[in-house]
Amino acid sequence: MAPAQNPAHGAEPGISRRRLLCLCAGMGLGAAACDHVPGRRPHGAGDVHLPEAERDARGTPDWRIASLGPPDAIAGYADRVSVTPGQEFGLFVSTTAASFRVSAFRVGWYGGALARRVWTSPPIRGRVQQAPRIAPETRTVYANWRRTLALDTASWPEGAYVLRLEAATGHQRYVPLIVRSVRGTGRTVLLHAPATWQAYNRWGGSSLYAGTTGSYETRSLAVSFDRPYDMDGAEKFRVYEWAAVVLAERLGIPLAYSTGLDIHADPAVLDGAAAVVCLGHDEYWTPQQRAHVTRARDAGTNVAFLGANTCFRRIRLEPGQGADDRTVVCYKSAYRADPCYPAQPALVTTDFRTVPAPDPESSLTGVLYEGYPVDAPYVVHSAGHWLHEGTGVRAGDAFPHLVGVEYDRVVPGVGTPWLLEITAHSPLVCAGRPSHSDSAYYTVPSGAGVFASGTMRWVEALVAGTGELGHDHGIDARTRTFVARTTENLLRAFAEGPAARHRPAPSPNAADLYAI
């Protein structure tokens, strides 16, 4: 989120003798003696990568973390944010336990189980890795650990995953991973936001928001993927993305999976895509990612923004330890210290809307981020809009606590598309100032439709009242039902292709609502 005043677990049949000897050595002499540990595949796992093959598979209810324990109990990170099916990646683990296992869970509906275990490791000897290193120039934290094992994803279907690190002591942590799609034609691309996960990550003491002293002034100016995530290891993914992935898979629409970092480097998965869905908190974008999503929209790909504060920060990706694009750079209000300033203004890492190269996000999202923190009812305006079919809502119906903790609104004249309809117009007060949060829908000449929820709690609301996240901000079952049906309408419509060709056109109303 962006503060309003922020200027702030023997071996499987068929294993080779060499690998078996290596595994035994690893269990007795340390995991470094064997950095490729084969896992046991569950019954029924095959070599099919398309997510549609997963929909009738049996889920694994035991995917949740039972005990976190102290921060050093177990933690880890992968050397890739995403992989293609069959691609190997490295896992780096530190634990105070004598041994640990790794289980890989794919997120989905699975008849309500919400995940399926696709792989599990033998026991691996534990080790406490060294203390992190901090680069003084940018206060970037690097774990600087030795690789523990390598994982082969040959039988892993495309999708969103959490690897659960399971210490012999019973303590656990997650490591998120996306097994990304290389083809998106005719599919809805679910776009995950690891740059934003990393921006808020305080593992090792610093994030893009606060440094080791806890102050904004000592924050990192660049953050590295070469370290674990804090808390349970996947907090941002669980809160802002998990429920939307589950819903999309339950609907049975054709899906593809990617990340903002992948779209930055290679937007091919967007070619011919029916839609791209940015999930609940997707704040940090490179200019290249923004340009690629915009180009897809202008070619007829629908775009949905299910959160708020999307595409707010302009970032740059730089190499990490041994790999490209492992460092997220964002100087924010200290942009004059950015090495790209002033010679390359379009690459200076600050807010998209600010100097030296102002380019407000609203030209893509239709809305502008305005404030934090807020807690307000979500108020329906265009009750008859196709998004609301089957919800039974009327104009003025309110859904308590759905607007928060950050919000967006339409600001006419600031890059706002003309053919835009405000579908929800929610009065609020933020930092003592009256305003509104808006949900908005617009279309472009290619026929693509674009929807923005205008609130960061939209995806959270999909599981409100279920206890899944441990908190729900007071959002009730009525609100959950409304958000779920509206999201279903959105995803089904967008999966059909350019929305303007098969759904009613928006009725422009921003000028009336904002009296201009």
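Put simply, the side chain of T301 never gets that close to the backbone of A275: no donor and acceptor are under 3.5 Å apart. Within the 3.5 Å criterion, the main-chain N or O of E283 finds a donor-acceptor partner in the side chain of T196. A donor-acceptor pair under 3.5 Å links the side-chain atoms of D438 to the main chain of V410, judged by distance alone. When atom types are taken as modelled, the side chain of R173 and the backbone of L68 share a donor-acceptor pair closer than 3.5 angstrom. One N or O on the side chain of S446 and one on the backbone of R297 form a donor-acceptor pair closer than 3.5 Å. Between the side chain of N309 and the backbone N or O of Y407, no donor-acceptor pair lies under 3.5 Å. Here the side chain of S207 pairs no donor or acceptor atom with the backbone of N201 at under 3.5 angstrom. Between the side chain of W145 and the backbone N or O of Q130 there is at least one donor-acceptor pair closer than 3.5 Å. Formation of a donor-acceptor pair under 3.5 Å by the Y335 side chain with backbone atoms of D351 is not found in this model. Judged purely by atom type and a 3.5 angstrom limit, T443 has no side-chain atom pairing as donor or acceptor with the backbone of G449.
If you check the side chains of H264 and T286, you find a donor sitting under 3.5 Å from an acceptor. A donor atom on one side chain and an acceptor atom on the other are not found under 3.5 Å apart for T350 and Y341. Between the side chains of T259 and D262, at least one donor N or O sits under 3.5 Å from an acceptor N or O. Under the 3.5 Å distance criterion, with hydrogens and angles disregarded, a donor-acceptor pair is assigned to the side chains of S333 and Y216. Side chains of T455 and S453: a donor-acceptor N/O pair is absent below 3.5 angstrom, by distance only. Side-chain atoms of T310 and E361 include no donor-acceptor pair closer than 3.5 Å. W458 and T487 are linked by a side-chain donor-acceptor pair at a separation below 3.5 angstrom, with hydrogens and angles left out of the test.
Between R238 and D232 there is a salt bridge, since at least one side-chain N of the basic residue sits less than 4.0 Å from a carboxylate O of the acidic one. Taking the charged nitrogens against the carboxylate oxygens, E217 and R219 have no contact shorter than 4.0 Å, which rules out a salt bridge. In summary, D230 and R202 do not engage in a salt bridge, as defined by a charged side-chain N under 4.0 Å from a carboxylate O. A salt bridge is absent between D359 and R314; no separation between the charged side-chain nitrogens and carboxylate oxygens falls under 4.0 Å. Taking 4.0 Å as the cut-off between side-chain N and carboxylate O, R180 and E158 do not count as a salt-bridged pair. A salt bridge does not link R326 to D79: none of the charged nitrogens lies less than 4.0 Å from a carboxylate oxygen. Between R106 and E249, at least one side-chain N (NZ, or NE/NH1/NH2) sits under 4.0 Å from a carboxylate O, which counts as a salt bridge.
In this structure, CD1 on I475 lies 9.5 Å from CG on L462, to the nearest 0.5 angstrom. With values rounded to the nearest 0.5 angstrom, L279 atom CG is found 5.0 Å from E241 atom CD. Rounding to the nearest 0.5 angstrom, the gap separating the OG1 atom in T140 from the CD atom in E318 is 9.0 Å. Note: I74 CD1 to S94 OG = 8.5 Å, rounded to the nearest 0.5 Å. With values rounded to the nearest 0.5 angstrom, N302 atom CG is found 10.0 Å from R503 atom CZ. Going from atom CZ of R80 over to atom CG of L151 covers 12.5 Å, rounded to the nearest 0.5 Å.
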Next item on the list: List the steps, then state whether side-chain contact (heavy atoms from CB on, under 4.5 Å) holds for Y161 with V179.
Entry: CA-CA 7 Å; Y161 286 74; V179 178; 3.4 Å; yes

Next item on the list: Just do the side-chain hydrogen bond (donor to acceptor under 3.5 Å, both in side chains) check on S362 and T365 with the steps written out, would you?
Entry: CA-CA 5 Å; S362 54; T365 63; 5.8 Å; no

Next item on the list: Show your working on side-chain hydrogen bond (donor to acceptor under 3.5 Å, both in side chains) between Y378 and S439 and close with a plain yes or no.
Entry: CA-CA 9 Å; Y378 180 94; S439 288; 2.7 Å; yes

Margin query: For a side-chain hydrogen bond (donor to acceptor under 3.5 Å, both in side chains) check, start with the C-alpha distance between D338 and T349, then their side-chain angles and the critical distance, and finish with the verdict.
Written below: CA-CA 7 Å; D338 188 322; T349 56; 2.6 Å; yes

Check: What do the steps show when you test V277 against L191 for side-chain contact (heavy atoms from CB on, under 4.5 Å), and what is the final call?
Finding: CA-CA 6 Å; V277 179; L191 195 60; over 6 Å; no

Check: For L317 and L261, what are the C-alpha separation, side-chain angles and deciding distance, and is it a side-chain contact (heavy atoms from CB on, under 4.5 Å)?
Finding: CA-CA 8 Å; L317 299 177; L261 304 187; 3.7 Å; yes

Next item on the list: For Y240 and D282, run side-chain contact (heavy atoms from CB on, under 4.5 Å): C-alpha distance rounded to whole Å, both residues' side-chain angles, the deciding distance at 0.1 Å, then the answer.
Entry: CA-CA 9 Å; Y240 295 113; D282 196 354; over 6 Å; no

Notebook entry, point to check: Yes or no on side-chain hydrogen bond (donor to acceptor under 3.5 Å, both in side chains) for T218 and T213, after CA distance, side-chain angles and deciding distance?
Noted result: CA-CA 7 Å; T218 60; T213 67; 2.7 Å; yes

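The side-chain heavy atoms of L177 and F89, taken from C-beta on, include a pair separated by under 4.5 Å. Residues Q198 and Y229 form a side-chain contact, since some pair of their non-hydrogen atoms from C-beta on lies under 4.5 Å apart. Looking at heavy atoms from C-beta onward, V83 lies in side-chain contact with T153 at the 4.5 angstrom threshold. Contact of the N144 side chain with the P132 side chain is not registered, since no non-hydrogen atoms from C-beta on lie closer than 4.5 Å. Using a 4.5 Å heavy-atom threshold, the side chains of V128 and D72 count as separate. Looking at H473 and R457, their side chains come closer than 4.5 Å, going by heavy atoms from C-beta outward. Within the 4.5 Å cutoff, no side-chain heavy atoms of M231 are placed close to those of K236. Taking the side chain as every heavy atom from C-beta outward, L368 and R409 never approach each other to under 4.5 Å.
The minimum heavy-atom distance between G211 and S206, with the atom names listed, is CA-OG, 3.5 Å. Shortest non-hydrogen contact noted between T423 and A440 is OG1-N, 4.2 Å. Nearest heavy-atom pair, G366 versus L420, reported as atom, atom and distance to 0.1 Å: O-CD1, 3.6 Å.
Ring pair H436/Y514 is perpendicular by interplanar angle, where above 60° counts as perpendicular and below 30° as parallel. Taking the six-membered ring where tryptophan is involved, the planes of Y209 and Y284 are perpendicular, since the angle between them exceeds 60° and thus also 30°. Ring orientation note: the planes of W197 and F237 are nearly perpendicular, at an angle over 60° on the 30°/60° scale.
Listed by chain and number, the residues in a side chain to side chain contact (heavy atoms under 4.5 Å, CB included) with P434 amount to none (sequence neighbours excluded).
Proximity of the aromatic rings of F451 and Y441 is defined here by a centroid distance below 6.0 angstrom, and this criterion is not met.
Within the cation-pi definition used here (under 6.0 Å to the ring centroid, within 45° of the axis), R290 qualifies as a partner of F352.
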